[in-house]
Amino acid sequence: MSSPTETAPNGSTRLSRLLGWASEDRARRLGLWLAILTGAFGLAAAYLSLLVVNYGEALRGAAPYNFAWAAGQTVGEVTRLEQRILASALPGTNIDAEEVQLRLDIVRNRIAVLGRGQASLFMDRYPQHRRTVARLEQALDTVGTILAGPLPPAEKALAALAVLEPVDRELNAFASVASQFGGELVDEGHDHLLYLHGLFSMLAAGLAVCGVLFITVLLIQNRTIRRAHDRMEAMAGALQTAIAQAEEASQAKTRFLATMSHELRTPLNAIIGFSELIRDDGGLQGEDRPAGGGAPGSAKEGTRREHAQYAGYILGSARHMLSLVIDILTVAQMESGHANLTFESVDPRKVVGTAIATVLGTQAGRGRTIRTAAGAVWPVLQADERAVRQMLLNLLSNAVKFSTAPSAIEVQAWLDPQGGFVIAVQDRGIGMTPEQIEKAAQPFYQAEDGATRRFQGSGLGLSIVKSLMEAHGGRLLLEGEAGAGLRASLHFPAERVGGPMPRPEPASQQ
């Protein structure tokens, strides 16, 4: 039993293959439809050309010889007029004068028709026959006068025929030339028709060639677009791979920083602890040396003091490194979404006091004045206490760093009209330009770049504050100008304000 493909005609199989090939690609379908349309235009042009040829043949075989027909009809009517005039003179005839007059009017009507249409063109081509029609009209007028006169019928007929005889000969020659003229016009029209046919054929051929060229250009363009599309797909795939690798590397970096918290903090705390022991031990031995020890200016005492000084350097560097590590780990936790914030009732006045005491206890804060503004409002705040303390420490540290010792730093607190709570740190330091304020909260941003910058730091303090405030649903706002100080304010939303006061911590038992 044969399969359907085997029994199907070859033409339908090829057509189905062509349609299947065309349906694979949009450009192919478009090119196929353009080819079909161009072929249809070509067939239509050929069909119209065939119609023009057939029309020309029909015109050659059955053309209305307008002028030649009118001339022939005039000659025939003149002959009939002569016959009626002659018959009217015979005895016992039934042709009266009215019938002769009717034939005379018919001849005049034929002359009027002969004067219209192609008469001017005929007269221009054959000027010798220009006066034939005029002489015929004069002869008809003379015949009409004779027929209306008092002569007997026989004499009237002979006189009328004598007038028409010379014009009749010219009129026969006129009709012969008019027939020749009609044939010439038909030949010229046919030649012109063939010229138009050739012109139309050339236009149709040009249309077909343009269609083929257009399809070729379109196919080439589609091939170019397909190649560009393939290259773009390859580039997009490579870009997606690169993005995935970059995201994976970023996540790996974040995971690495998040998991290195214990490994980094533990040795740093150990360095800090042992440095304190070395410093304190060296200082005691330098002050309370045992009996019989070296003199106050001995070399051993100087060495101990140097050791204590070196231990102080180690301790300061370790504390600075620990603060940098804490900042980096905080940024990593915020980026990874593992900030681990615990929202509970917080007394912001207590947190502010703790932060001020901490900053004043540092080497940079010694001798500085940090106070809270008079009339400050301290509502209960639903927030993470550790995060609030860290934000205040960062803002106070920046205020101490970027202002000089004589100027005071003020911590302000108030409720905004929407019911939110604002804590602001105002300094009288170097301030910032609007461009610097716009970029200040970006990670690792430093207002002064290069090795000659006056203020050291990681550039993460304000970025951490901004991220922690966003985690609280609030925002960080910086206001100031260059040389006029800066106010950094923490704006907590209204839903973070209120709630029960936190319980005081129980006193430790001695």
Side-chain angles (χ1 to χ4, degrees), residues 261 265 322-362 364-365 368 370-373 375-401 409-416 418-427 440-441 443 457-458 460-479 486-505:
S261 174
R265 291 183 179 182
L322 179 61
S323 65
L324 295 179
V325 171
I326 292 174
D327 289 345
I328 294 174
L329 292 176
T330 303
V331 172
Q333 289 177 351
M334 299 300 296
E335 288 182 354
S336 61
H338 300 291
N340 296 325
L341 299 181
T342 302
F343 297 102
E344 56 186 2
S345 298
V346 175
D347 184 359
R349 185 170 189 174
K350 177 182 176 183
V351 178
V352 169
T354 302
I356 293 176
T358 303
V359 172
L360 292 177
T362 61
R368 301 300 303 271
I370 304 177
R371 62 171 179 262
T372 57
V377 180
W378 303 102
V380 179
L381 193 63
Q382 299 297 320
D384 185 273
E385 183 175 355
R386 180 187 59 82
V388 174
R389 183 169 54 252
Q390 184 175 1
M391 290 188 289
L392 289 171
L393 286 174
N394 289 347
L395 296 182
L396 290 171
S397 298
N398 282 345
V400 169
K401 181 191 301 185
I409 300 171
E410 187 177 60
V411 180
Q412 305 164 352
W414 69 89
L415 291 174
D416 61 22
Q418 289 76 28
F421 179 57
V422 182
I423 304 177
V425 176
Q426 175 73 60
D427 64 60
S458 62
L460 292 174
L462 292 179
S463 174
I464 293 173
V465 174
K466 179 176 179 292
S467 300
L468 291 175
M469 280 304 300
E470 290 175 352
H472 283 78
R475 61 191 178 97
L476 168 67
L477 180 62
L478 302 178
E479 300 171 288
L486 182 73
R487 183 170 73 175
S489 53
L490 307 177
H491 291 253
F492 292 91
E495 57 266 21
R496 294 289 174 195
V497 180
M501 287 293 295
R503 296 180 180 179
E505 296 180 0

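The basis for the numbers below is simple: all heavy atoms, side chains too, and nothing from hydrogens, waters or symmetry mates.
- To the nearest 0.5 Å, the span separating OG1 on T358 from CG on L360 amounts to 9.0 Å.
- Formation of a donor-acceptor pair under 3.5 Å by the D427 side chain with backbone atoms of I409 is not found in this model.
- With rounding to the nearest 0.5 Å, the separation of NZ in K466 from CG in L477 is 12.5 Å.
- Going from atom CG of L476 over to atom CG of L462 covers 6.0 Å, rounded to the nearest 0.5 Å.
- The shortest non-hydrogen separation linking F343 to D384 is CD2-N, 4.0 Å.
- Shown here for L393 and A355, the closest heavy-atom pair between the two residues is CD2-O, 3.6 Å.
- Donor-acceptor pairing under 3.5 Å is recorded for the side chains of Q382 and S345.
- When every heavy atom of T372 is checked against every heavy atom of E410, the shortest pair comes out as C-CG, 4.5 Å.
- The two residues V388 and A383 have their closest heavy-atom pair at CG2-CB, 3.8 Å.
- The two residues V465 and M391 have their closest heavy-atom pair at O-SD, 3.8 Å.
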Could you pull out all donor-acceptor pairs under 3.5 Å where a side-chain atom in residues 491-502 meets a protein atom, sequence neighbours excluded?
unit_1, atom_1, unit_2, atom_2, d
H491, NE2, S489, OG, 3.0
R496, NE, H472, O, 3.1

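- Rounding to the nearest 0.5 Å gives a distance of 6.0 Å between CG of L490 and CG of L392.
- In this structure, R386 CZ and L341 CG are separated by 6.5 Å, a value rounded to the nearest 0.5 Å.
- Distance check: I423 CD1 to L381 CG gives 6.5 Å after rounding to the nearest 0.5 Å.
- Residues passing the side-chain contact (heavy atoms from CB on, under 4.5 Å) test with R487 are Q412, W414, A424, Q426, E479, sequence neighbours excluded.
- Checking side-chain atoms of S397 against main-chain N and O of N394 turns up no donor-acceptor pair under 3.5 Å.
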